[in-house]
K.L.:
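Take a look at this one; I'll ask things after.
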Amino acid sequence: MDKPNQTRNNAFLRVKKFLDDYHDILILLNLYGVEEAEFMAIFLLLQTAVDKEAHDITVVAADKAVVKEDMSQFIYELCLTGSVQAHQLHKFELSLELDKSLGYLSDANDTDAAGRAEDLVKLLDNPDLTEITAQNIIDAKEKVLAFKNIRVQPKLEIEYKAAETTSLIPDLMDQLDEPKNRIGKLIHSKQKDLIETWDKVSKVGQPTGIRHTSMALNVIDSETESILRKVKATITNGTKTIVIYSSKKGWIRALSLETGNWTIFIEFNNYISQVFTNIGVNENEIVRFTIKLVKLPIPGITPPENTTPSTETTPPTGTTPPADPTPPTT
């Protein structure tokens, strides 16, 4: 592992220690448990990859559908009973809160489904709802925990081969940044006594903090959609300029950019240059989009009808690619 990734991994180790040290306080925060579980699962995978980077290792994302459906069906049936009893007890607000469809859990995205399931179990764990037994609550919590554990399996099917292939450790680090950032938001909004300590560990740009990914841009050929390596990206906010080349997997990653608007100049031999202006960078958020580069027309050959540079996902408002950008002097 190279030095920048080693530095970044060391920072994740410090965040992990912080979460362990303050677990008893943080676990009381609503929504925290789901984010902690996701962080810990990806963190464990990352450390396994770091330890075994030179060896063959395959991690395949588990199938969550069965576990999710089992959890959803079980809690849905408890809610049907609880809603009826609450209505009979004239607890109409509770009855309404428990009156949810099966799809409220089963059709929700994984993060929402886990959070909603936890909230419903808390409502069901009510001494007035005598039709809901203590064992029902224990079983429901176990099913929620099983889903939370399986839902945080990595989004990618990962293979680490020996030296001939590129390590996916940076991709895992990008995944780990996301629950880390959400935990930071919870601390800033709900646990103000820990803000200063948290910021010393994780704040972007601090000497003891994580080198956070500010931009993750994928560069591909507009026609074949094949990845493009060594594409030059000049990224500037007017006072600071950095130059990055796309990786073997076509990724351009900019770390720890200052908040504000940035301009991105893209250049690659035999392709039309592109420029993206007013790309907003916010703290603890990652700017993501795909850049599709169009080949320059070959003299004597009629170019395709559509040679306008495009992106797979629309960049933030204000992004306008002029025809012939001139990168700033670095």
Side-chain angles (χ1 to χ4, degrees), residues 18-42 62-153 155 178-195 197-198 284-285:
F18 174 93
L19 299 183
D20 289 342
D21 290 346
Y22 293 97
H23 174 78
D24 291 345
I25 297 174
L26 296 172
I27 198 64
L28 300 177
L29 301 180
N30 189 29
L31 305 179
Y32 172 76
V34 172
E35 303 303 337
E36 181 196 50
E38 181 168 353
F39 180 93
M40 294 303 178
I42 301 174
D63 182 4
K64 295 170 287 200
V66 174
V67 176
K68 184 178 183 180
E69 185 62 32
D70 180 55
M71 175 196 73
S72 301
Q73 184 67 40
F74 186 81
I75 294 177
Y76 167 67
E77 291 174 0
L78 292 181
C79 285
L80 291 177
T81 301
S83 179
V84 172
Q85 187 173 24
H87 187 274
Q88 292 179 1
L89 295 172
H90 302 288
K91 294 182 176 292
F92 301 119
E93 184 176 347
L94 176 59
S95 177
L96 184 62
E97 289 179 312
L98 292 173
D99 187 17
K100 305 297 184 186
S101 66
L102 176 61
Y104 179 72
L105 296 178
S106 61
D107 295 341
N109 65 54
D110 291 347
T111 299
D112 287 345
R116 290 175 179 180
E118 283 191 317
D119 291 342
L120 289 173
V121 173
K122 289 177 183 177
L123 292 173
L124 290 165
D125 192 7
N126 185 317
D128 292 333
L129 300 180
T130 55
E131 292 299 314
I132 309 298
T133 67
Q135 188 61 50
N136 289 154
I137 298 300
I138 291 172
D139 292 343
K141 289 180 177 179
E142 288 179 350
K143 291 179 185 297
V144 173
L145 181 60
F147 175 64
K148 285 166 61 179
N149 287 339
I150 201 170
R151 84 169 186 88
V152 297
Q153 294 293 328
K155 301 171 187 175
E178 296 185 10
K180 186 271 298 183
N181 293 338
R182 292 193 292 269
I183 288 170
K185 291 178 181 178
L186 288 176
I187 291 172
H188 273 261
S189 64
K190 297 177 179 291
Q191 193 61 54
K192 299 186 184 302
D193 291 344
L194 294 181
I195 290 176
T197 306
W198 170 260
N284 293 335
E285 294 182 5

K.L.:
Run the side chain to side chain contact (heavy atoms under 4.5 Å, CB included) test on Leu28 and Lys190 for me, step by step, so that the C-alpha distance in whole Å, both residues' side-chain angles and the decisive distance to 0.1 Å come before the verdict.
P.N.:
CA-CA 10 Å; Leu28 300 177; Lys190 297 177 179 291; over 6 Å; no

K.L.:
Mind checking whether Asn30 and Asp119 have side chains closer than 4.5 Å, heavy atoms only?
P.N.:
yes

K.L.:
Can you list the steps and then say if Phe18 with Ile183 is a side chain to side chain contact (heavy atoms under 4.5 Å, CB included)?
P.N.:
CA-CA 11 Å; Phe18 174 93; Ile183 288 170; 5.9 Å; no

K.L.:
Search all heavy atoms of Ala117 against all heavy atoms of Met71 and return the closest pair with its distance.
P.N.:
CB-SD, 3.8 Å

K.L.:
Using modelled atom types and a 3.5 Å cut-off, is there a donor and acceptor pairing between side-chain atoms of Asn136 and backbone atoms of Thr133?
P.N.:
yes

K.L.:
State, with a plain yes or no, whether a side-chain heavy atom of Glu35 is found less than 4.5 Å away from one of Asn181.
P.N.:
no

K.L.:
Going by side chain to side chain donor-acceptor pair (under 3.5 Å), name the residues that satisfy it together with Asp107, two or more places apart in sequence or in a different chain.
P.N.:
none

K.L.:
Residues in side chain to side chain donor-acceptor pair (under 3.5 Å) with Gln191, at least two apart?
P.N.:
none

K.L.:
Test side chain to side chain contact (heavy atoms under 4.5 Å, CB included) on Asn149 and Met40; report intermediate values, then the result.
P.N.:
CA-CA 10 Å; Asn149 287 339; Met40 294 303 178; over 6 Å; no

K.L.:
Can you sort out the partners of Asp24 under side-chain contact (heavy atoms from CB on, under 4.5 Å), two or more places apart, ordered by chain and number?
P.N.:
none

K.L.:
Apply side chain to side chain contact (heavy atoms under 4.5 Å, CB included) to the pair Phe147 and Asp110, showing each step before the final yes or no.
P.N.:
CA-CA 9 Å; Phe147 175 64; Asp110 291 347; 3.7 Å; yes

K.L.:
Does anything in residues 93-104 pair up under side-chain hydrogen bond (donor to acceptor under 3.5 Å, both in side chains), and if so which pairs, sequence neighbours excluded?
P.N.:
Ser83-Ser95

K.L.:
How long is the gap from CG on Leu78 to CD on Gln73, to the nearest 0.5 Å?
P.N.:
10.5 Å

K.L.:
Would you give the length of the straight line joining atom CG of Leu98 to atom CG of Leu120, rounded to the nearest 0.5 angstrom?
P.N.:
6.5 Å

K.L.:
Taking the side chain as every heavy atom from C-beta outward, state whether Lys148 and Val144 have any atom pair closer than 4.5 Å.
P.N.:
yes

K.L.:
Checking Thr197 now: which residues fulfil side chain to side chain donor-acceptor pair (under 3.5 Å) with it, not counting sequence neighbours?
P.N.:
none

K.L.:
Locate the shortest heavy-atom distance separating Leu105 from Lys68; write the atom from each residue and the value.
P.N.:
O-CE, 3.5 Å

K.L.:
My understanding is that only residues two or more places apart in sequence, or in another chain, count here; which of them pass ring-ring contact (aromatic ring centres under 6.0 Å, His included) with His87?
P.N.:
Phe92

K.L.:
Test of understanding: with side-chain contact (heavy atoms from CB on, under 4.5 Å), list the residues that count as partners of Ile27, not counting sequence neighbours.
P.N.:
His23, Tyr32, Glu36

K.L.:
Could you state the interatomic distance from CZ (Arg116) to CD1 (Ile75), rounded to the nearest 0.5 Å?
P.N.:
12.5 Å

K.L.:
Does Asp193 have any side chain to side chain donor-acceptor pair (under 3.5 Å) partners at least two apart in sequence or in another chain, and if so, which?
P.N.:
none

K.L.:
Going by ring-ring contact (aromatic ring centres under 6.0 Å, His included), name the residues that satisfy it together with Phe74, two or more places apart in sequence or in a different chain.
P.N.:
none

K.L.:
Could you pull out every donor-acceptor pair under 3.5 Å between side chains of residues 121-130 and any protein atom, sequence neighbours left out?
P.N.:
unit_1: Asn126; atom_1: OD1; unit_2: Asp128; atom_2: N; d: 2.8
unit_1: Asp128; atom_1: OD2; unit_2: Lys91; atom_2: NZ; d: 3.2
unit_1: Thr130; atom_1: OG1; unit_2: Gln85; atom_2: NE2; d: 2.8

K.L.:
Nearest 0.5 Å, what's the CG-CG distance between Leu194 and Leu26?
P.N.:
6.0 Å

K.L.:
Return the set of residues passing side-chain contact (heavy atoms from CB on, under 4.5 Å) with Asn109 (not counting sequence neighbours), or none when no residue passes.
P.N.:
Thr111, Asp112

K.L.:
Using the test side-chain contact (heavy atoms from CB on, under 4.5 Å), find all partners of Leu80 that sit at least two apart in sequence or belong to another chain.
P.N.:
Tyr76

K.L.:
Taking the side chain as everything from C-beta on, heavy atoms only, tell me whether His188 gets closer than 4.5 Å to Trp198.
P.N.:
yes

